[in-house]
Amino acid sequence: LASHDKMDDSFWEELEEILIMADVGFEPAAKLLDNLRGRARKAGTNDPAKFRDILSEELAEIFKTGKTIKAINPPEVVMMIGVNGVGKTTTIAKLAHRAQMSGKKVLIAAGDTFRAAAIEQLKIWADRVGAGFFSKGENADPAAVAFEAMDKGLAEGYDIIFLDTAGRLHTKVNLMEELKKIQRVLDKKHPGAPHRSILVLDATTGQNALSQTKLFHEAVGVDEIVLTKLDGTAKGGVIVGIALEYGVPITFVGLGEKMEDLRPFHGQDFAQALLS
Amino acid sequence: SLTDRLDGVFKKIRGHARLTEENIQAALREVRLALLEADVNFKVVKDFVERIREKAAGQEVLKSLTPGQQVVKIVHDELLELLGGETVALNLKGKPAVFMFVGLQGSGKTTSSAKLALKLRREFKMRPLLVPADVYRPAAIDQLRKLAAQLDIQAYPSETTMNPVDICVSALDQAKKDGFDAVIFDTAGRLHVDEALMEELANIKAKTSPQEILFVADAMTGQDAVTVAKSFDERLDLTGVVLTKMDGDARGGAALSIKEVTGKPIKLVGVGEKLSDLEIFHPDRAASRILG
Ligand SMILES: Nc1nc2c(ncn2[C@@H]2O[C@H](COP(=O)(O)OP(=O)(O)OP(=O)(O)O)[C@@H](O)[C@H]2O)c(=O)[nH]1
Ligand SMILES: Nc1nc2c(ncn2[C@@H]2O[C@H](COP(=O)(O)OP(=O)(O)OP(=O)(O)O)[C@@H](O)[C@H]2O)c(=O)[nH]1
Ligand SMILES: [Mg+2]
Ligand SMILES: [Mg+2]
């Protein structure tokens with residue numbers, strides 16, 4: 001983009017290509033380009049050097065959410081959801097590590113009772129983080145795990161509970177029903193729980209992320225999104241369309257496989273990465 | 001569907017006897033949108049649409065089809081050809097036959113390794129050895145060992161203290177001694193831009209000469225599929241691709257992007273979490289799915 005000396009048609013065409021290659025998607029890219037052209041006109045500028053700031057401002061606006069802080073009766077319950085392999089279990093380790101570092105008493109609950117060695121994987125993370133751990137063994141009912149983890153969390157004065165769930169494709173109705181049941185059980189045991197349902201999205205995912213968000217949101221409501229694997233070359237541009245359509249806040253990004261590899265999401269960083 | 005959208009385009013244009021430069025233009029726009037929506041790579045779409053334009057221009061509309069259907073047929077046939085026309089078989093040569101699974105984190109390598117082991121036994125009456133070569137991910141070795149146990153298939157006793165290259169070399173040695181027909185290496189997920197880990201894969205290849213190096217890609221992968229596949233292919237000279245999680249609603253355009261940029265055949269498709277959920281890749285089904 002830097003090679004252009006004015007914001008002419010070829011500049012906007014090149015930008016459209018950059019956005020689509022970043023997985024922004026045709027329609028959200030068109031909307032974004034309209035807004036950007038509007039901003040450039042308002043600012044009375046045709047200088048591409050000014051463009052970085054214009055994009056930053058526009059994305060900051062798109063990603064802004066009227067963040068409502070709900071009053072939470074402890075323990076705060078965080079439920080991790082998402083399709084297979086996106087990084088739910090590893091992200092729990094990262095979030096738990098953060099919570100632990102801020103002095104909270106953290107409980108990690110092994111709600112994936114289906115996949116081979118899912119419980120072992122999470123237990124290793126819980127030990128590394130230094131958090132409490134609860135599991136019921138393979139093939140236990142995930143709703144029962146949720147219920148009993150809630151029990152333990154309340155009884156032993158935990159500040160926050162992270163509940164892992166099995167990866168599931170959003171199109172599998174029975175698995176989405178299972179998720180709804182887990183949510184009902186949590187709420188029944190501790191009204192208001194889960195306080196945060198976090199949808200984990202993989203930055204390498206294309207337009208299917210929109211379908212994932214839609215169906216998970218319809219099933220249990222998505223409170224936050226964490227975008228993982230941004231340490232690769234994928235840009236995660238689908239979150240632009242998701243922000244435009246659903247307004248769900250993107251709270252963190254995953255930048256690696258260690259428990260420290262988590263960073264708060266900022267629209268400006270994202271804008272910067274899009275153009276790099 | 002694309003056919004409906006194209007019929008809509010042609011309704012507005014009069015004179016449907018022949019596909020002309022003009023009426024093709026609007027139709028190609030719909031094709032381009034459909035392919036981008038399906039996650040086919042931007043540059044691959046550009047080249048593809050150009051080829052369709054050349055093929056379509058001047059064609060007579062067949063009596064049995066609407067112009068929209070005609071264009072879809074041209075697109076479908078072209079997609080089919082690009083995706084590899086027909087099924088490419090697994091290379092089972094070697095005593096033992098050596099398979100290596102590689103790919104990004106979370107794409108489905110461990111599950112696909114176990115699925116392949118089951119397929120080799122069921123369909124080809126082979127006795128496979130599953131080799132956990134991921135010493136980094138917590139409980140990765142446990143995961144493959146558990147899947148192997150479920151199948152009553154032997155797993156090499158890897159430990160996280162071992163080096164993945166040594167694991168693969170020793171496992172191949174043991175497989176030869178004990179008369180296994182096949183050896184399957186499940187490697188750790190890694191980024192194509194991680195020099196050290198890509199070097200590890202190159203070393204495993206150098207020391208074990210797998211006759212199948214299978215790149216495992218998630219069907220929902222977006223534009224980045226091209227960059228990743230190209231990188232793995234340049235480094236390892238892949239022999240095939242496995243597309244996983246095709247039981248979802250991802251259109252799977254990554255399949256076309258990967259095939260176009262590497263030229264390597266898509267051999268297998270993961271269609272579920274059960275170990276029997278592994279199918280041969282059907283180019284015609286993939287083509288229809290990409291077009292939506
Ligand atoms: N490079 C990178 N890898 C990640 C990141 N987050 C997770 N991973 C890796 O992605 C793979 C899958 O992570 P998991 O945490 O097991 O994913 P999951 O969603 O729990 O998977 P299932 O439970 O099987 O659905 C592992 O190899 C992780 O180390 C990230 O931010 N960057
Ligand atoms: N629905 C569905 N899920 C799949 C398929 N293949 C794998 N999975 C699931 O995807 C998740 C990741 O699979 P793994 O086999 O652990 O992936 P991996 O590539 O070995 O992951 P890393 O070793 O961390 O890189 C698991 O939850 C699997 O059950 C498939 O074809 N369909
Ligand atoms: Mg998990
Ligand atoms: Mg694995």
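Here is how names work: the chains are called A, B, and so on, in the same order as the sequence lines, proteins then strands, and each is numbered from 1.
- For B:T227, the part lying under 4.5 angstrom from a heavy atom of chain A is the side chain only.
- When side chains are defined from C-beta on, A:E120 does not count as touching B:Q143, because their heavy atoms never get closer than 4.5 Å.
- Other residues, nucleotides and ligands contribute at most 12 non-hydrogen atoms within 6.0 Å of the CZ atom of B:R122.
- Looking at B:E37, the atoms closer than 4.5 Å to chain A (heavy atoms on both sides) all sit in the backbone: N, CA, C or O.
- Both the backbone and the side chain of A:E17 come within contact range of chain B, with heavy atoms under 4.5 Å apart.
- Annotation: B:R29, atom CZ; neighbour count of heavy atoms from other residues, nucleotides and ligands within 6.0 Å does not exceed 12.
- Using a 4.5 Å cut-off between non-hydrogen atoms, no part of residues 150-157 of chain B approaches chain A.
- Considering CG of B:L104 and OG1 of A:T204, their distance stands at 6.5 Å, rounded to 0.5 Å.
- In terms of heavy-atom pairs under 4.5 Å with chain B, the best-connected choice from A:A22, A:S211, A:G25, A:A116 is A:A116.
- At a threshold of 4.5 Å between non-hydrogen side-chain atoms, the residues B:R137 and A:T90 do not count as touching.
- What you find for A:I124 and B:P138 is that their closest heavy atoms are CG2-CB, 3.8 Å.
- Heavy atoms closer than 4.5 Å to chain A are found in both the backbone and the side chain of B:L36.
- By the 6.0 Å contact criterion, CD on A:E138 is enclosed, its count of non-hydrogen atoms from other residues, nucleotides or ligands being greater than 12.
- Around CG of A:D34, the count of heavy atoms belonging to other residues, nucleotides or ligands within 6.0 Å exceeds 12.
- Only the side chain of A:K172 comes within less than 4.5 Å of a heavy atom of chain B; its backbone N, CA, C and O stay farther away.
- In this structure, the portion of B:R32 lying under 4.5 Å from any heavy atom of chain A is its side chain and not its backbone.
- Here the side chains of A:V86 and B:M220 are in contact, with some heavy-atom distance below 4.5 Å.
- Ranking B:A250, B:G248, B:A225 against chain A, the residue ahead of the rest is B:A250, based on heavy-atom pairs under 4.5 Å.
- B:E273 contributes atom CD, which lies 9.0 Å from atom CZ of A:R115 (distance to the nearest 0.5 angstrom).
- For the pair A:M21/B:Q223, a side-chain contact is recorded, criterion being any heavy-atom separation below 4.5 Å from C-beta on.
- Side chains of B:D249 and A:T171: no donor on one and acceptor on the other come within 3.5 Å.
- Annotation: the span from B:Q105 atom CD to A:K229 atom NZ amounts to 6.5 Å, rounded to 0.5 Å.
- Residue B:A139 comes nearest to A:A117 through the heavy atom pair O-CB, 3.8 Å, listed as atom of the first residue, atom of the second, then distance.
- By the salt bridge (Lys or Arg N to Asp or Glu O under 4.0 Å) test, B:D218 pairs with B:K245, sequence neighbours left out.
- Counting heavy atoms of neighbouring residues, nucleotides and ligands inside a 6.0 Å radius, atom CZ of A:R37 exceeds 12 of them.
- Both the backbone and the side chain of B:D247 have a heavy atom closer than 4.5 Å to some heavy atom of chain A.
- With a 6.0 Å radius and a threshold of 12 heavy atoms from other residues, nucleotides or ligands, A:K180 has its NZ atom above the threshold.
- Here the straight-line distance linking atom CG of B:L191 with atom OG1 of A:T233 works out to 8.0 Å at 0.5 Å rounding.
- Contact count versus chain A (heavy atoms, under 4.5 Å) is highest, among B:H192, B:K46, B:R251, B:R145, for B:H192.
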